[in-house]
2 protein chains.
Amino acid sequence: MDDAPARARRPRRGSGAVTLHDVARLAQVAPMTASRALNTPARVSPEVLARVREAVKATGYVRNHAAGALASTRSRLVAAVVPTLAGPVFLPTIQALTAALADHGYQLMLGQSGYIDSREDALLDAIIGRRPDGIVLTGTVHSPDGRQRLQAAGIPVVETWDLSPEPLDMLVGFSHEAVGRAVAQFLLARGRRRLAVIAGDDERSRRRHEAFRAAAAEHGLAELAVVTVPAPTTLRSGRSALLELLRRPAGVDAVFCSSDLLALGVLTEARARGLDVPGQLAVVGFGDHEFAADLEPALTTVRIDGGAIGRQAARFIVDRAEGREVAERVVDVGFSIVDRASA
Amino acid sequence: MDDAPARARRPRRGSGAVTLHDVARLAQVAPMTASRALNTPARVSPEVLARVREAVKATGYVRNHAAGALASTRSRLVAAVVPTLAGPVFLPTIQALTAALADHGYQLMLGQSGYIDSREDALLDAIIGRRPDGIVLTGTVHSPDGRQRLQAAGIPVVETWDLSPEPLDMLVGFSHEAVGRAVAQFLLARGRRRLAVIAGDDERSRRRHEAFRAAAAEHGLAELAVVTVPAPTTLRSGRSALLELLRRPAGVDAVFCSSDLLALGVLTEARARGLDVPGQLAVVGFGDHEFAADLEPALTTVRIDGGAIGRQAARFIVDRAEGREVAERVVDVGFSIVDRASA
DNA sequence: GTGAAAGCGCTAACAC
DNA sequence: GTGTTAGCGCTTTCAC
């Protein structure tokens with residue numbers, strides 16, 4: 001008695017799934033009322049609410065978010081872009097972000113920008129096309145065109161893991177320069193003089209070791225041994241980097257590695273060559289990866305609270321999406337040097 | 001001269017962004033033609049194609065996938081569910097999956113099911129609500145209700161990292177039982193007799209070590225020392241598990257760990273106590289994590305090609321989404337024991 | 001508190 | 001090859 005005759009005229013499209021209309025009909029209310037019962041239960045009478053809920057159960061209805069997103073221009077989808085998932089660095093952030101968003105009914109879309117700029121732009125377009133309620137960037141958008149498109153899209157953006165001077169929009173991170181300086185001072189204070197750096201060839205670790213170098217120079221140390229390894233960093237490159245360092249005639253008594261994995265490589269290679277850590281060589285990592293505390297010797301490293309970054313990013317996005325203007329758009333989560341046995 | 005007067009009557013809704021209509025108007029074609037120019041360029045005349053492309057550039061148009069999804073009932077969104085991102089086990093799979101899907105214009109949605117069943121069901125609903133073109137499960141859906149809803153939704157499902165006897169739909173994995181047997185035989189063939197297992201307390205590693213135990217029993221070994229550690233496994237729990245093993249009076253000359261991280265913990269603790277590996281203790285890991293080859297001693301482990309699992313899962317989903325029926329719904333990617341120094 | 005009407009931006013189906 | 005029409009399933013707006 002409903003749309004059966006209409007169906008004869010036109011072939012059925014759509015998914016064939018239960019719709020809100022079906023629920024509404026069963027509950028004997030208007031579709032709009034059913035919608036309200038699900039979204040703002042407080043604005044609906046208890047009896048109607050009960051009937052609708054029953055109908056939902058009876059039909060096995062699951063809302064179609066795509067339709068809702070189209071009508072309301074709120075997708076409750078948040079995109080996260082990482083350079084790559086390979087390094088473990090961003091994992092805690094992504095994990096916390098996913099969880100925090102889920103708590104508010106938001107879902108995470110993941111994109112890997114890789115190291116090719118053209119892919120990054122394509123990814124950005126794919127993301128914007130989905131009209132997410134927010135975009136979380138771990139890593140930077142390189143192309144000016146990409147940055148421009150992001151701004152034009154009017155989607156809230158959170159940049160993370162950095163404290164760039166000109167944020168696109170919102171920002172949660174820490175100062176890589178401050179890390180570099182702090183580690184240099186830490187090592188200097190312990191009497192180390194022949195400093196070295198093993199750094200991934202990415203922008204941020206470059207900035208850390210530049211600051212490290214500058215701080216060392218201020219203390220009268222001219223020479224800094226630097227080995228650059230390709231990102232993402234691995235245990236293997238840590239091993240071979242130490243080998244390279246040891247070949248240098250000047251010698252080395254402290255290494256600052258741009259990741260804990262690299263540091264583990266250094267530890268491994270040092271042991272293989274009978275080099276005493278920290279006696280002959282102090283080793284400092286970066287990230288305070290879960291395994292750092294339990295290494296032999298326990299790894300001195302720079303602790304970054306990746307989870308906090310993810311949670312703050314989620315807060316930023318959700319606040320914006322719910323229409324709350326965020327007062328402070330930049331959050332510095334800081335860092336700390338965890339002083340363990342290796343240095 | 002177009003809809004300006006209409007706008008006066010009703011307040012403007014929508015996002016205010018450039019729509020396909022705007023592009024079509026500028027290119028002087030019907031919206032449908034503009035749509036075709038973007039989706040099936042081959043079915044449009046070269047001149048029209050050029051005009052549309054120009055209009056896209058001029059306006060900075062980015063398609064609204066949500067609208068497209070609603071109209072076409074194809075979201076080009078694929079959901080992936082992992083128990084947690086914490087362990088590094090599924091990373092290569094997720095990474096390969098994300099990349100392979102992106103190559104075909106699909107985007108990944110990530111969900112963490114955690115270890116709570118109610119959260120899993122909520123997650124499933126959130127996912128189904130987005131009407132993804134496919135769902136990739138790493139780990140199992142536990143609740144019968146959840147499995148039921150998944151099937152009812154009619155969304156292609158790929159279960160991974162396992163070879164369950166009753167797949168929901170499609171499957172790509174390997175046999176955990178076969179792994180357990182193979183490792184037991186490997187160790188037995190090398191003359192090890194006092195076998196031990198350090199296993200995460202998840203379903204699969206339980207099945208690996210059950211098979212391991214059975215194979216050992218077949219060879220006349222009655223006793224098997226087992227230490228169970230909470231998932232996700234860590235280096236620390238590897239260290240303390242070895243400690244516990246060493247306390248047993250029977251002694252141990254070989255350990256099969258349910259992850260490489262656990263094995264690294266065992267290696268670390270063994271060294272701290274002056275225990276020779278592989279002389280006094282053979283150590284076998286699981287996963288062939290990137291660092292395994294470069295440990296000291298290099299870790300003998302079970303290699304699983306996580307990337308291949310991800311790529312095959314992507315192939316399954318994309319094939320289905322494009323309407324190609326997949327002939328073989330189950331793919332066994334197998335495994336291999338990488339024979340290195342630690343055993 | 002509830003309902004009717006009018007789209008959100010796109011594409012399937014059918015003509016021409 | 002191109003255009004017209006009619007929705008996809010939901011929510012906004014406005015009236016009651």
Side-chain angles (χ1 to χ4, degrees), chain A residues 3 6-25 27-52 56 59 61-76 128-131 323, chain B residues 3 6-25 27-52 56 59 61-76 128-131 323:
Chain A
D3 56 352
R7 217 200 293 185
R9 272 201 292 110
R10 261 189 180 270
R12 227 260 212 248
R13 299 204 301 165
S15 58
V18 181
T19 73
L20 192 56
H21 275 75
D22 301 331
V23 171
R25 199 184 313 148
Q28 314 213 52
V29 293
M32 191 57 240
T33 306
S35 171
R36 273 193 280 257
L38 298 180
N39 296 315
T40 50
R43 286 188 212 166
V44 138
S45 73
E47 306 90 79
V48 166
L49 184 56
R51 287 219 308 278
V52 171
V56 166
T59 53
Y61 169 74
V62 182
R63 71 129 58 59
N64 184 335
H65 259 101
L70 184 56
S72 67
T73 62
R74 292 191 45 197
S75 62
R76 288 174 176 280
I128 296 172
R130 303 232 126 92
R131 303 291 189 269
Chain B
D3 56 353
R7 217 201 291 184
R9 272 200 293 112
R10 257 186 182 272
R12 224 253 216 253
R13 300 203 302 165
S15 57
V18 181
T19 73
L20 193 55
H21 275 75
D22 302 330
V23 171
R25 199 183 316 147
Q28 316 213 53
V29 293
M32 189 62 236
T33 306
S35 171
R36 273 193 280 254
L38 298 179
N39 296 314
T40 50
R43 287 186 212 167
V44 138
S45 72
E47 306 89 78
V48 166
L49 184 55
R51 287 218 307 276
V52 171
V56 167
T59 52
Y61 170 74
V62 182
R63 70 129 60 59
N64 184 334
H65 259 103
L70 184 57
S72 66
T73 62
R74 290 190 46 198
S75 63
R76 290 176 174 277
I128 295 172
R130 310 270 176 199
R131 303 291 190 269

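Order of the sequence lines fixes the chain letters, A, B, ..., with proteins taken first and strands second; residue numbering starts at 1 for each chain.
- Residues from residues 39-51 of chain B with heavy atoms under 4.0 angstrom of DNA chain C, sorted by number: B:Asn39.
- Closest of all the heavy-atom pairs between B:Ala37 and B:Leu49 is O-CD1, 3.6 Å.
- When the side-chain nitrogen and oxygen atoms of A:Ser35 are compared with OP1 and OP2 of D:dC10, none of them lie within a distance under 4.0 Å.
- Across all strands shown, A:His21 has heavy atoms under 4.0 Å from base atoms, whether or not it also approaches the sugar-phosphate.
- Scored by the side-chain contact (heavy atoms from CB on, under 4.5 Å) test, B:Thr33 finds B:Val29, B:Ala30, B:Arg36, B:Val44, B:Val48 as partners (sequence neighbours excluded).
- DNA chain C is contacted by both B:Arg36 and B:Tyr61; B:Tyr61 maps to the nucleotide lying nearer its 5′ end (nearest heavy atom per residue).
- Rounded to whole angstrom, the span from the NE2 atom of B:His65 across to the C1' atom of C:dC10 amounts to 11 Å.
- What separates CG of A:Leu70 from C1' of C:dA6 is a distance of 13 Å, to the nearest Å.
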In residues 61-70 of chain B, what donor-acceptor pairs under 3.5 Å come from side-chain atoms, sequence neighbours left out?
residue : atom : partner : partner atom : Å
B:Arg63 : NH2  : B:Asn39 : OD1          : 2.4
B:Asn64 : OD1  : B:Ala66 : N            : 2.9
B:Asn64 : OD1  : B:Ala67 : N            : 3.3

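- Between B:Arg131 atom CZ and C:dT11 atom C1' there is a gap of 18 Å when expressed in whole angstrom units.
- Nearest to the side chain of B:Leu20, among D:dG9, C:dA12, C:dC10, sits C:dC10.
- Distance B:Ile128 CD1 to D:dG9 P: 16 Å, rounded to the nearest Å.
- The side chain of B:Val29 approaches D:dG3 more closely than any other nucleotide in the set C:dC10, D:dG3, C:dG3.
- In this structure, A:Ser75 contributes its side chain and A:Arg131 its backbone to a donor-acceptor pair below 3.5 Å.
- Closest of all the heavy-atom pairs between A:Ala34 and A:Leu20 is CB-CD1, 3.9 Å.
- The CG-P distance, from A:Asn64 to C:dC8, rounds to 18 Å in whole Å.
- The side chain of A:Thr33 places an N or O atom within less than 4.0 Å of a non-bridging phosphate oxygen (OP1 or OP2) of C:dG3.
- Residues passing the salt bridge (charged side-chain N to carboxylate O under 4.0 Å, His left out) test with A:Arg74, sequence neighbours excluded: A:Glu322.
- B:Leu38 has its side chain out of reach of B:Val23: every pair of non-hydrogen atoms, C-beta onward, lies at least 4.5 Å apart.
- In terms of position along DNA chain D, the nucleotide closest to B:Ala67 lies nearer the 5' end than the nucleotide closest to the other residue of the pair B:Ala67 and A:Met32.
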